[in-house]
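Some notes on the structure that comes next.
These values consider heavy atoms only, across backbone and side chains, with no hydrogens, waters or symmetry-generated copies. If you're wondering where the values come from, they're calculated on a predicted model, not measured in any experiment.
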Amino acid sequence: MLGDQGDIRYVFPASATGPAGTGHFLVVVTDTAIAVLATRTLRTDRPVGVYAEFPRRTRLGPILPGPRIELGSLAFDFDEEYAAVVAAADAEAFAPETLPPDPLPHL
């Protein structure tokens with residue numbers, strides 16, 4: 001579904017509500033892109049297609065109250081437990097010197 005976008009770096013579930021309706025998604029950050037995958041209505045862990053794609057140099061943050069992120073004209077809500085994932089994905093792309101060293105580099 002993602003084609004040749006390199007390794008998957010981060011994945012987190014998100015939902016969208018708005019004038020176009022409600023949907024459940026998986027936000028997948030790879031080496032070269034950020035893909036928003038649409039999921040099944042009752043099985044939100046099963047992607048069915050690519051809803052939107054953005055270049056990897058797209059910032060996920062800032063994290064807005066909710067918590068919520070905006071990608072282009074789309075807004076996605078996510079559970080607070082994934083705020084660290086959003087921050088790490090942005091740090092890896094825009095400030096890699098701020099990341100701690102990998103404790104298991106051989107894996």
Please tabulate, for side-chain N and O atoms in residues 74-82, each donor-acceptor pair with protein atoms closer than 3.5 Å (sequence neighbours left out).
| from | atom 1 | to | atom 2 | distance (Å) |
| --- | --- | --- | --- | --- |
| Asp77 | OD1 | Arg68 | NE | 2.7 |
| Asp77 | OD1 | Arg68 | NH2 | 3.1 |
| Asp77 | OD2 | Arg68 | NH2 | 3.2 |

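- The two residues Ala35 and Leu2 come nearest to each other via the heavy atoms CB-CD2, 3.5 Å.
- A donor-acceptor contact shorter than 3.5 Å links the side chain of Thr30 to the backbone of Gln5.
- Contact of the Ile34 side chain with the Val27 side chain is registered, since non-hydrogen atoms from C-beta on lie closer than 4.5 Å.
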Inset, instruction - Show the numbers, then the answer: is there a side-chain contact (heavy atoms from CB on, under 4.5 Å) between Val29 and Ile8? - result: CA-CA 6 Å; Val29 179; Ile8 293 175; over 6 Å; no
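- In this structure, the side chains of Asp45 and Arg43 come closer than 4.5 Å at one or more pairs of heavy atoms.
- Within the 4.5 Å cutoff, side-chain heavy atoms of His106 are placed close to those of Leu104.
- The distance from the CD atom of Glu53 to the OG1 atom of Thr32 is 8.5 Å, given to the nearest 0.5 Å.
- In this structure the side chain of Leu37 never reaches within 4.5 angstrom of the side chain of Val48, judged on heavy atoms.
- When all heavy atoms are compared, the tightest approach of Leu26 to Pro47 is CD1-CD, 4.1 Å.
- Between Gly72 and Phe54, the closest heavy-atom pair is N-CE2, 4.0 Å.
- The backbone N or O of His24 sits less than 3.5 Å from a side-chain atom of Thr39, completing a donor-acceptor pair.
- Closest approach of Phe25 and Ala16 over heavy atoms only: CE1-CB, 3.7 Å.
- To the nearest 0.5 Å, atoms CD1 (Ile63) and CD1 (Ile69) are separated by 8.0 Å.
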Let me check something: any side-chain donor-acceptor pairs from residues 86-95 under 3.5 Å, sequence neighbours excluded? List them with distances.
| from | atom 1 | to | atom 2 | distance (Å) |
| --- | --- | --- | --- | --- |
| Asp90 | OD1 | Leu60 | N | 2.8 |
| Asp90 | OD2 | Leu60 | N | 3.4 |
| Asp90 | OD2 | Gly61 | N | 2.7 |
| Glu92 | OE1 | Arg9 | NH2 | 2.8 |
| Glu92 | OE1 | Tyr10 | OH | 3.2 |
| Glu92 | OE2 | Arg9 | NE | 3.1 |

